[in-house]
Amino acid sequence: MGSTLLAFFQIDQLLIFGVIVAAVASGLMLTLPNVDQPLHQQVSWDQFTSGWKVIKNSRLLRVVTAMDLLETAANTVWVSAIILVFVHQVLHVSSAWWGYINAGYMLGAFLGSWGCYSLAKKLEQHTIRVISWGALISSAIMLLVAVNHLPIATLLLAMLFGVSSAMKNVPQTTLVQKNVSNDQLVAVYALQNVLYTGTYSLATLTIGWLSDTISVQFVFLIAAGLLFIVASLSRRLTKI
């Protein structure tokens, strides 16, 4: 996000913007309703293991977690360092395009999320299909990015990727929340965040090494393959 805003703002303006956004976010947090929950004297390890048990006993959560782990690994190609190398070595344009591409992705994610919100009732009737198509389209877009050499095309593809990612992730999050009880949801999310963070860290190191050793386009091909597997796994959700 920072690299995106740097394309349009100076450092001091960006810092002021960050402070304002943080203040607004804090104010909005105060408006959230209180949720009465029974107090559980659980230590962190108990919450961690309870999350494992919930995921282990739920086929839906096992499939969704596997999908998200693969998607997390695939999406590491969008980290700033990889995009900067892609901009220089493949597109052969200035570093400013690094920010433009990130801005395109963020705009696409916003539009995709807004679209899911606007069409919530219609999408709810075809949740699994929307998730599958979102992952499949993301895979196709990633493949096109890998073989593309035109800056403007990459910018448009990044925007479309943001749309398709939201198209998959918003209905998927809703699906999980509808099938997991409130008292189990915290433990599940806590464990998933641990897994996603570890996967992201390892994938970032691996992707960085591969882009330096082989080529930056090769890592986009790998990401496209991972997202295709995600799309294939999503079909299993229809049988749950």
Side-chain angles (χ1 to χ4, degrees), residues 1-7 62-109 112 131-132 134-169 172-173 191-234:
M1 182 64 177
S3 60
T4 302
L5 295 175
L6 278 173
R62 292 199 304 271
V63 173
V64 168
T65 301
M67 290 167 57
D68 279 347
L69 288 174
L70 291 171
E71 185 181 13
T72 298
N75 286 344
T76 54
V77 299
W78 294 107
V79 300
S80 298
I82 301 298
I83 293 298
L84 185 59
V85 172
F86 188 86
V87 164
H88 286 162
Q89 296 185 1
V90 179
L91 302 182
H92 303 293
V93 290
S94 68
S95 299
W97 280 87
W98 168 39
Y100 301 152
I101 291 172
N102 276 286
Y105 172 80
M106 293 296 179
L107 177 60
I131 293 172
S132 298
L136 189 60
I137 293 172
S138 295
S139 175
I141 292 173
M142 196 74 81
L143 180 62
L144 291 175
V145 171
V147 300
N148 166 67
H149 292 80
L150 299 176
I152 189 65
T154 304
L155 178 60
L156 293 175
L157 288 170
M159 186 182 302
L160 291 175
F161 187 86
V163 173
S164 63
S165 293
M167 178 179 164
K168 168 193 171 291
N169 292 325
Q172 182 176 294
T173 300
L191 175 59
Q192 286 180 334
N193 283 331
V194 171
L195 295 175
Y196 300 158
T197 302
T199 299
Y200 184 85
S201 300
L202 291 174
T204 301
L205 289 173
T206 304
I207 290 296
W209 177 77
L210 288 173
S211 64
D212 186 56
T213 304
I214 303 175
S215 73
V216 68
Q217 289 174 290
F218 180 70
V219 299
F220 277 92
L221 290 174
I222 293 176
L226 292 175
L227 290 173
F228 183 78
I229 297 174
V230 171
S232 300
L233 286 174
S234 67

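Quick note: residue numbers are just sequence positions, from 1. Reckoned from all heavy atoms, side chains included, excluding hydrogens, waters and symmetry mates.
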Got a second to check how far [X]'s [atom1] is from [Y]'s [atom2], nearest 0.5 Å?
X	Y	atom1	atom2	result
Thr154	Ile141	OG1	CD1	12.0 Å
Ser165	Met142	OG	CE	7.5 Å
Leu157	Leu150	CG	CG	9.5 Å
Asp68	Leu195	CG	CG	10.5 Å
Leu70	Asn75	CG	CG	11.0 Å

Taking all non-hydrogen atoms of both residues into account, name the closest pair between [X] and [Y] and its distance.
X	Y	value
Ala166	Gly112	CB-C, 3.6 Å
Ala231	Ser234	O-OG, 2.5 Å
Ala203	Ala73	CB-CA, 3.7 Å

Measuring only between side-chain heavy atoms, which start at C-beta, is [X] closer than 4.5 Å to [Y]?
X	Y	answer
Met167	Gln172	no
Glu71	Tyr196	no
Ser211	Phe218	no
Phe161	Leu156	no
Met159	Ile101	no
Ile137	Lys168	no

Query raised in the report: What's the verdict on side chain to side chain contact (heavy atoms under 4.5 Å, CB included) for Val79 and Tyr200, showing C-alpha distance, side-chain angles and the deciding distance?
Result: CA-CA 10 Å; Val79 300; Tyr200 184 85; 2.8 Å; yes
Determine all donor-acceptor pairs shorter than 3.5 Å in which one atom belongs to a side chain in residues 219-230; sequence neighbours excluded.
none

Backbone of [Y] reached by a side-chain donor or acceptor of [X] within 3.5 Å:
X	Y	answer
Thr65	Arg62	no
Asn148	Leu144	no
Thr197	Val194	no

Requested in this report: Identify which one of Ile214, Thr213, Asp212 satisfies the side chain to side chain contact (heavy atoms under 4.5 Å, CB included) criterion when paired with Leu210.
Outcome: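 Among Ile214, Thr213, Asp212, the one that satisfies the side chain to side chain contact (heavy atoms under 4.5 Å, CB included) with Leu210 is Ile214.
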Requested in this report: Could you point out which residue of Ile207, Leu205, Thr199 forms a side chain to side chain contact (heavy atoms under 4.5 Å, CB included) with Thr76?
Outcome: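 For Thr76, the side chain to side chain contact (heavy atoms under 4.5 Å, CB included) check succeeds only for Ile207.
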Pair up each side-chain donor or acceptor in residues 81-93 with any protein partner under 3.5 Å, not counting sequence neighbours, and list the distances.
unit_1: His88; atom_1: NE2; unit_2: Ser95; atom_2: OG; d: 2.9
unit_1: His92; atom_1: ND1; unit_2: His88; atom_2: O; d: 3.2
unit_1: His92; atom_1: NE2; unit_2: Gln89; atom_2: O; d: 3.2

